[in-house]
Participant: 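One structure, pasted below without further comment.
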Amino acid sequence: LRVEGFVRIEGSEQAPATLTIAPGTRVEFDPAARLIVGGFQPGTLIARGREDAKIHFDANDPAAGWPGVYVQARGDATLDQVELGHAGPRDEAAILAEGEARLAIDHCQIHDSSVGVELRGTTLTLASFGHNVFRQVPAALRLAPQVFGQLGEGNDYDEQARIHVERGKIETSQTWRRQATTLIVHGDVSVDRGATLTIEAGSRLEFDAGVILQVGYYEASTLELRGSEALPIFLGPSELGPSDAASPWGGVMVAGHATRNRFEHVDLRSTSGAAGIVLHEGADATLIDVDCAACAHASVKWDCESEIGNLDVTASEGTPLALLAPSCP
């Protein structure tokens, strides 16, 4: 099938629109053509192929590309066993969802696009997102930290792929499952209002210059970095800045209301603050096998009221101190 212009899937409150695409269907889009799901009125896209009969969305002219699939606030899209290529020119996403959209993407392959999936905002629902493949997609995902916890497992990324996480506040408990690529964090991420953020073993996070990961500033909240000896968690500077050298990031700030924090098998690098991990006021943390390499001042610093336990903290590659203890009465 060749699509020459916009196709809007949008019905009414009394009669919502649904477009179902059968397994094995191949759709090619002109440079100005795209699928738009659920704008002012409800609409649903169901593109569910099979392993032996995948659905193909591609550009009629791969060199020119096409704008991709756009799921708006009243939209609901399910993509399963879909191959989607050459979409999203001019740094647009092959699949863009925003507002209160609902999206399920599983067993799909996105290839030859600048941006794979962009989840814009914090109110959308990612019903499922697992076992997807990204090839020749430098920005596999762009999303807010509040949405990251909705990502599933088994996603496959090539060497150039990165996940881009914007600035945001996490105020409901979630787990960041390990994705087999690097996360680039572009703004401060704070965990607060009673939430617990758990980061799985093997995760790799890189932060833009000066960016911090903070927990417990206003209310009791928890940060758990659950690395393992075989799969440590890495927190370091982003290498995607304007210069060749990575600029230091701000480190982890454990504020006074943070409680029951755990850092297990964590490698930090190139922090600019007083320490890679700083505990303020009455915060508490357990640290097991934590190292800060090439950090400006120390690996861990804490206040007199803070509590730290099970210390196995080291400093490497020029970090002056492993532990910067307070001078208490």
Side-chain angles (χ1 to χ4, degrees), residues 99-100 119-126 142-151 163-177 183-200 203 205-227 233 235 238 248-264 266 268 271-288 290 292 295-310 313 324-326 328:
E100 296 181 352
L119 305 173
R120 189 176 292 171
T122 62
T123 58
L124 57 80
T125 298
L126 193 61
R142 290 200 299 219
L143 73 173
Q146 296 93 320
V147 180
F148 193 96
Q150 300 178 44
L151 296 183
I163 296 175
H164 295 263
V165 180
E166 304 302 325
R167 177 180 181 177
K169 296 179 179 180
I170 296 173
E171 297 181 344
T172 57
S173 296
Q174 60 177 267
T175 296
W176 285 12
R177 295 177 179 86
L183 283 59
I184 308 296
V185 183
H186 295 291
D188 294 350
V189 174
S190 62
V191 184
D192 222 312
R193 308 296 185 187
T196 296
L197 172 62
T198 302
I199 300 178
E200 284 190 344
S203 298
L205 285 71
E206 295 183 358
F207 298 79
D208 282 354
V211 169
I212 65 170
L213 175 60
Q214 178 176 270
V215 58
Y217 189 83
Y218 294 104
E219 296 180 15
S221 304
T222 303
L223 179 62
E224 296 186 347
L225 274 61
R226 296 280 189 169
I233 293 171
L235 307 175
S238 170
W249 62 292
V252 181
M253 300 300 164
V254 185
H257 295 289
T259 183
R260 300 187 306 277
N261 304 283
R262 293 188 68 86
F263 299 86
E264 300 180 14
V266 177
L268 300 101
T271 59
S272 58
I277 301 171
V278 179
L279 281 73
H280 292 285
E281 300 174 352
D284 68 84
T286 298
L287 303 104
I288 302 172
V290 174
C292 205
C295 296
H297 297 99
S299 297
V300 177
K301 178 182 181 296
W302 66 97
D303 289 346
C304 292
E305 299 85 356
S306 303
E307 294 183 8
I308 56 176
N310 294 340
V313 178
L324 184 54
C328 303

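As the structure is a prediction and not an experimental result, all values here were calculated from the model.
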Participant: Between H186 and H164, how do the two ring planes meet: parallel, tilted or perpendicular, split at 30° and 60°?
Facilitator: parallel
Participant: If you define the side chain from C-beta out and look only at heavy atoms, does anything of V252 sit under 4.5 Å from L223?
Facilitator: yes
Participant: Which atom names give the shortest non-hydrogen contact between C292 and A298, and what distance separates them?
Facilitator: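 Answer, listing the atom of C292 first, then A298: SG-O, 4.2 Å.
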Participant: Okay, side chain of Q214, backbone of S190: is any donor-acceptor separation there less than 3.5 Å?
Facilitator: no
Participant: Of all heavy-atom pairs between A195 and E171, which one has the smallest distance, and what is that distance?
Facilitator: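 Heavy atoms only, the tightest pair is CB-C, 3.6 Å.
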Participant: Under a 4.5 Å cut-off applied to non-hydrogen side-chain atoms, are R226 and T198 in contact?
Facilitator: yes
Participant: Under the criterion side-chain hydrogen bond (donor to acceptor under 3.5 Å, both in side chains), I'd like the reasoning laid out for T259 against D284: C-alpha separation, chi angles, the key distance, then a yes or no.
Facilitator: CA-CA 5 Å; T259 183; D284 68 84; 3.1 Å; yes
Participant: To the nearest 0.5 Å, how far apart are OG1 in T172 and CD in Q146?
Facilitator: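 So the gap between those two atoms works out to 8.0 Å.
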Participant: Nearest heavy-atom pair of I233 and G227: which atoms, and what distance?
Facilitator: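 Shortest heavy-atom contact: CD1-N, 3.5 Å.
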Participant: Could you tell me whether a side-chain N or O of S272 sits under 3.5 Å from a main-chain N or O of W249, the two making a donor and an acceptor?
Facilitator: yes
Participant: Please enumerate all residues that pass side chain to side chain contact (heavy atoms under 4.5 Å, CB included) together with S203, with sequence neighbours excluded.
Facilitator: R178, I199, E200, L205
Participant: Might you confirm whether atom CD of E307 has over 12 heavy atoms from other residues, nucleotides or ligands at distances under 6.0 Å?
Facilitator: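 No, because the 6.0 Å sphere around CD of E307 holds 12 heavy atoms or fewer from other groups.
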Participant: Would you please say whether a donor-acceptor pair under 3.5 Å links the side chains of T222 and N261?
Facilitator: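 Result is no, nothing qualifies.
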Participant: Starting at OG1 of T286, measure out to CG of N310 and round the result to the nearest 0.5 Å.
Facilitator: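 Those atoms lie 5.5 Å apart.
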Participant: Verify, without hydrogens or angle tests, whether D188 (side chain) and V211 (backbone) share a donor-acceptor contact under 3.5 angstrom.
Facilitator: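 The answer is no, because no donor-acceptor pair under 3.5 Å joins these two groups.
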Participant: Under 3.5 Å, side chain of Q150 to main-chain N/O of L126, donor-acceptor pair present?
Facilitator: yes
Participant: So how far is it from I163 CD1 to L183 CG, rounded to the nearest 0.5 Å?
Facilitator: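 Here the interatomic distance stands at 5.0 Å.
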Participant: Run the salt-bridge test on E224 and R262 with the 4.0 Å N-O cut-off and return the result as yes or no.
Facilitator: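 No, E224 and R262 are not salt-bridged.
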Participant: For residues P145 and V165, determine if any side-chain heavy atom of one lies less than 4.5 Å from a side-chain heavy atom of the other.
Facilitator: yes
Participant: Is there a side-chain contact between L119 and L124 in this structure, where contact means two heavy atoms from C-beta onward sitting under 4.5 Å apart?
Facilitator: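 Side-chain contact under 4.5 Å: yes.
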Participant: So for atom CD, which belongs to E305, do other residues, nucleotides or ligands contribute more than 12 heavy atoms lying within a distance under 6.0 Å?
Facilitator: yes
Participant: Under 4.5 Å between any side-chain heavy atoms of T271 and F207, yes or no?
Facilitator: no
Participant: Could you walk me through whether V185 and D208 pass the side-chain contact (heavy atoms from CB on, under 4.5 Å) test, one step at a time?
Facilitator: CA-CA 6 Å; V185 183; D208 282 354; over 6 Å; no
Participant: Go through the steps to decide whether I277 and L268 satisfy the test side-chain contact (heavy atoms from CB on, under 4.5 Å), and finish with yes or no.
Facilitator: CA-CA 9 Å; I277 301 171; L268 300 101; 4.1 Å; yes
Participant: Could you pull out the closest heavy-atom pair between S221 and R193, with the gap in Å?
Facilitator: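 Looks like OG-N, 3.4 Å.
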Participant: Work out which heavy atom in E281 is nearest to a heavy atom in S306; give both atom names and the distance.
Facilitator: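 Between these two residues, the closest heavy atoms are O-OG, 2.7 Å.
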Participant: Report the distance from atom CG of L197 to atom CZ of F148, rounding to the nearest 0.5 Å.
Facilitator: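 Reported to 0.5 Å precision, the distance equals 9.5 Å.
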Participant: Work out which heavy atom in A255 is nearest to a heavy atom in G216; give both atom names and the distance.
Facilitator: CB-O, 3.2 Å
Participant: What's the separation between atom OG1 in T122 and atom CD in E100, rounded to the nearest 0.5 Å?
Facilitator: 9.5 Å
Participant: Is H280 close to D303 at the side-chain level, that is, under 4.5 Å between some pair of heavy atoms?
Facilitator: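 They are in contact (side-chain heavy atoms under 4.5 Å apart), so the answer is yes.
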Participant: Which is it for F263 and I288 under the side-chain contact (heavy atoms from CB on, under 4.5 Å) test, yes or no, and what are the steps along the way?
Facilitator: CA-CA 6 Å; F263 299 86; I288 302 172; over 6 Å; no
Participant: Measure the spacing between CH2 of W302 and SG of C328 and express it to the nearest 0.5 Å.
Facilitator: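 With rounding to 0.5 Å, CH2 (W302) is 9.0 Å from SG (C328).
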Participant: Is it true that, when you exclude H297 itself, more than 12 heavy atoms of the residues, nucleotides or ligands shown sit nearer than 6.0 Å to its NE2?
Facilitator: no
Participant: With heavy-atom distances below 4.5 Å as the criterion, would you say the side chains of V189 and I170 are in contact?
Facilitator: yes
Participant: Does some side-chain heavy atom of H257 sit less than 4.5 Å from a side-chain heavy atom of Y217?
Facilitator: no
